[in-house]
Asks: 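Sending over a structure as structure tokens; questions will come in a sec.
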Amino acid sequence: MQMNPPPTLRYPALMTRAPLILQTPQGLYCPEGEFHIDPMGRVPRALITHGHSDHAARGMGSYLCTHQALPVIRHRLGKITAEGIAYGEQRQIGGVTVSFHPAGHVPGSAQIRIERGGEVWVASGDYKTAPDALCEPFEAVRCHTFLTETTFGLPIFQWQSEVCVMGQIARWWQDNAARGVVSVLLAYSFGKAQRLMAGLAGIGPICTHPVVEAVTDILRHQGYALPPTRVANGAPPQGALVIATPNAMASDWAMGLGPHEVAAASGWMALAARRKGTGAAFVLSDHADWAGLNAAVAATGSEQVYTLHGYTDPYAAWLRSKGLSAEAMS
Amino acid sequence: MIRFAQLLAQGTPTPDAFSAYMTQVDPQESEAAQRLLSGQRPTRLAPAATLLGWVAQATDTPDFLIDACLKICPDKAELAALLLPPATGTTPSLAQSLANLTSAADYLTLARSLPPEARILFNRLASGTFRAKLAPPTTTPQTPGHCLAILTLIDPSGPTATFALPHGAALVPLTRLRLTIPGTPALLAWARANVTDRFGPLRQMPPTQVFELEFDGMTPNARRKSGITLLGARVKAWRPDSRAADVPTLSALLAQSP
């Protein structure tokens with residue numbers, strides 16, 4: 001992402017008006033558009049940032065998400081009334097204009113921009129500012145009010161570059177292969193799993209757990225550049241990498257893998273306490289790190305920030321100490 | 001420094017891992033490593049809280065953020081390592097790191113040039129909290145002991161297996177070992193089709209499959225049901241020719257011990 005210097009010219013100060021987005025028991029709500037964003041409680045109209053289960057839940061009257069996000073959401077939620085929208089396409093909903101912009105988190109993920117008479121709010125959903133080999137890169141959207149996630153909103157979370165981490169994983173994989181041992185990487189079935197495949201393509205055979213393969217197949221058909229993979233059913237080929245969910249390793253399926261080494265890839269692996277008990281650990285996150293959050297907030301040029309998820313209070317306090325108006329949205 | 005950190009990544013290194021490491025590094029580094037692992041500690045530069053203070057100042061991190069970080073990372077040596085941005089420049093060796101460490105400025109320069117894992121280790125050395133001592137090598141090479149044991153449980157992640165011996169009417173767990181023998185895939189296929197019960201990640205099998213174990217020695221251990229710990233135990237072979245009923249009892253094994 002382009003690291004813009006903090007803007008000198010901010011949007012003109014606005015008269016105090018009703019907030020465009022509120023926190024409600026069902027989730028974020030836009031009263032003027034009468035829709036929710038990533039609701040968890042049943043609502044008539046839902047705008048969805050991406051297909052992870054803590055953002056896309058069953059039971060909504062209708063769904064709106066990017067064309068790229070829709071196939072996985074349909075796969076996961078079953079029979080739903082849903083519609084896709086292109087990145088950047090503007091749509092009038094009630095008294096507001098809505099558009100979706102790349103969030104760099106997982107394929108099809110979006111930030112949602114809401115405009116009413118020149119006033120702009122952006123709900124970030126989950127986002128990652130650094131690019132990867134798979135998903136649409138993050139785009140900063142200028143706004144007056146920015147709702148940012150703060151999953152890793154502390155300065156202890158500072159990621160190494162994607163290439164560097166993929167190199168570490170590749171070396172671990174090759175060392176295992178040289179000993180005739182299968183490498184098992186634990187990853188979330190949508191997003192992280194495919195990012196690993198894309199980043200590790202061309203090194204050796206990649207196998208998957210069926211749950212991972214189903215999502216991978218959908219994304220491959222959508223045109224995302226993913227290497228060939230096949231479901232591990234019984235012993236994988238010599239020197240293979242197997243990508244599986246943590247749950248899968250506690251199932252009988254794992255007994256078919258033969259001798260193997262296990263590794264986890266997650267932002268939480270930055271902490272020694274979280275690395276205990278996993279064979280190997282790689283720090284690889286689909287969320288913005290400390291520097292990424294700060295760059296994203298600066299690039300929006302916003303004068304008001306609300307924090308959501310994770311370290312909401314310390315991150316809001318940090319922004320206030322830098323002269324911004326910020327508070328945790330709860 | 002990175003190699004030394006890798007050596008210690010899984011706790012106190014085994015003698016084998018240590019000798020492999022010694023062949024990879026230069027004489028200065030091997031000498032420094034030997035001193036550290038024989039229990040000698042370098043002079044403490046400053047307590048971990050002071051190192052953290054230097055890092056907080058160098059990175060302009062306000063106190064309220066340090067407090068928030070301490071809540072999920074209470075280890076100050078680790079926190080000081082994580083607060084600095086990812087490493088830049090060339091990585092100093094272990095010997096260089098220790099020789100050039102006399103001031104806050106030295107500390108910050110060295111710490112900045114190290115990747116995260118090596119940085120935590122470096123902070124432990126600088127704060128005098130480094131604890132790792134190589135076990136003295138076993139000097140008397142013995143002829144390995146052998147026993148037959150019955151497979152009772154498998155943990156598919158690993159995979160590891162629990163082996164037990166008959167004791168009265170019951171089977172008493174003897175040891176839990178990683179499965180690396182050539183027949184492992186076939187064994188797991190059999191196990192998968194014969195699961196009788198589940199305890200978290202553990203899978204129970206009918207106690208019918210017999211294995212030959214090899215070990216370097218045994219030592220009394222009152223915390224084990226079997227009363228002993230096998231030293232250097234490994235799975236030697238799957239013995240489909242043996243019946244569980246023919247496996248010698250725990251008492252027979254204990255009778256072997258000197």
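Each chain gets a letter, A, B and so on, in the order its sequence line appears, and its residues count up from 1. These numbers were taken from a predicted model, which means no experiment stands behind them.
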Asks: Within the supplied structure, the quantity of interest is the number of heavy atoms (other residues, nucleotides, ligands) at a distance under 6.0 Å from B:Q24 CD; does it exceed 12?
Replies: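 Yes - once you tally the heavy atoms of other residues, nucleotides and ligands closer than 6.0 Å, there are more than 12.
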Asks: Taking every heavy-atom pair that is under 4.5 Å apart, which of B:L65, B:T184, B:T61, B:L84 has the most such pairs with chain A?
Replies: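 Option with the top pair count is B:L65.
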Asks: Taking B:A186, B:A189, B:A191, B:P159 one by one, which has the highest count of heavy-atom pairs under 4.5 Å against chain A?
Replies: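 Between B:A186, B:A189, B:A191, B:P159, the count favours B:P159.
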Asks: Non-hydrogen atoms of chain A under 4.5 Å away: do they reach the side chain of B:R203, the backbone, both or neither?
Replies: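 For B:R203, the contact with chain A is made by the side chain alone.
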Asks: A:S251, A:G279, A:G180, A:A273: which one forms the most heavy-atom pairs within less than 4.5 Å of chain B?
Replies: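 Maximum pair count with chain B is reached by A:S251.
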Asks: Is there a side-chain contact between B:E78 and A:L271 in this structure, where contact means two heavy atoms from C-beta onward sitting under 4.5 Å apart?
Replies: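 Sidechains of A:L271 and B:E78: in contact.
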Asks: For the CD1 atom of A:I156 and the SG atom of B:C73, what is their distance to the nearest 0.5 Å?
Replies: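 Between A:I156 CD1 and B:C73 SG, I get 5.5 Å after rounding to 0.5 Å.
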Asks: Among B:P201, B:C69, B:A68, single out the residue with the greatest number of heavy-atom pairs under 4.5 Å to chain A.
Replies: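 Maximum pair count with chain A is reached by B:C69.
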Asks: Check each atom of A:W290 against the heavy atoms of chain B and say whether the ones under 4.5 Å are side chain, backbone, both or neither.
Replies: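 Just its side chain gets close to chain B.
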Asks: Would you name the heavy atoms of A:Q158 and B:P86 that are closest together and state the gap between them?
Replies: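 A:Q158 and B:P86 have their closest heavy atoms at OE1-CD, 3.8 Å.
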Asks: Report, as yes or no, whether the 6.0 Å neighbourhood of atom NZ on A:K192 holds more than 12 heavy atoms from other residues, nucleotides or ligands.
Replies: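 Yes - once you tally the heavy atoms of other residues, nucleotides and ligands closer than 6.0 Å, there are more than 12.
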Asks: Could you give the distance from CG (B:L179) to CE (A:M255), rounded to the nearest 0.5 Å?
Replies: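 Output value for this atom pair is 11.0 Å.
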Asks: Which atoms of B:I154 come close to chain A, meaning under 4.5 Å heavy atom to heavy atom: side chain ones, backbone ones, both, or neither?
Replies: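 For B:I154, the side chain is the part near chain A, not the backbone.
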Asks: Can you check whether A:W253 reaches B:P156 side chain to side chain, under 4.5 Å on heavy atoms?
Replies: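 Answer no - side chains too far apart.
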Asks: Pick one: which of B:L83, B:D60, B:L82 meets side-chain contact (heavy atoms from CB on, under 4.5 Å) with A:P155?
Replies: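 Looking at B:L83, B:D60, B:L82, the match for A:P155 under the side-chain contact (heavy atoms from CB on, under 4.5 Å) is B:L83.
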Asks: Go through the atoms of B:P62 and report whether side chain, backbone, both or neither lie under 4.5 Å from a heavy atom of chain A.
Replies: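 Contact with chain A: side chain only.
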Asks: Could you tell me which portion of A:F157 (side chain, backbone, both or neither) has an atom closer than 4.5 angstrom to a non-hydrogen atom of chain B?
Replies: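 Interface part for A:F157: side chain.
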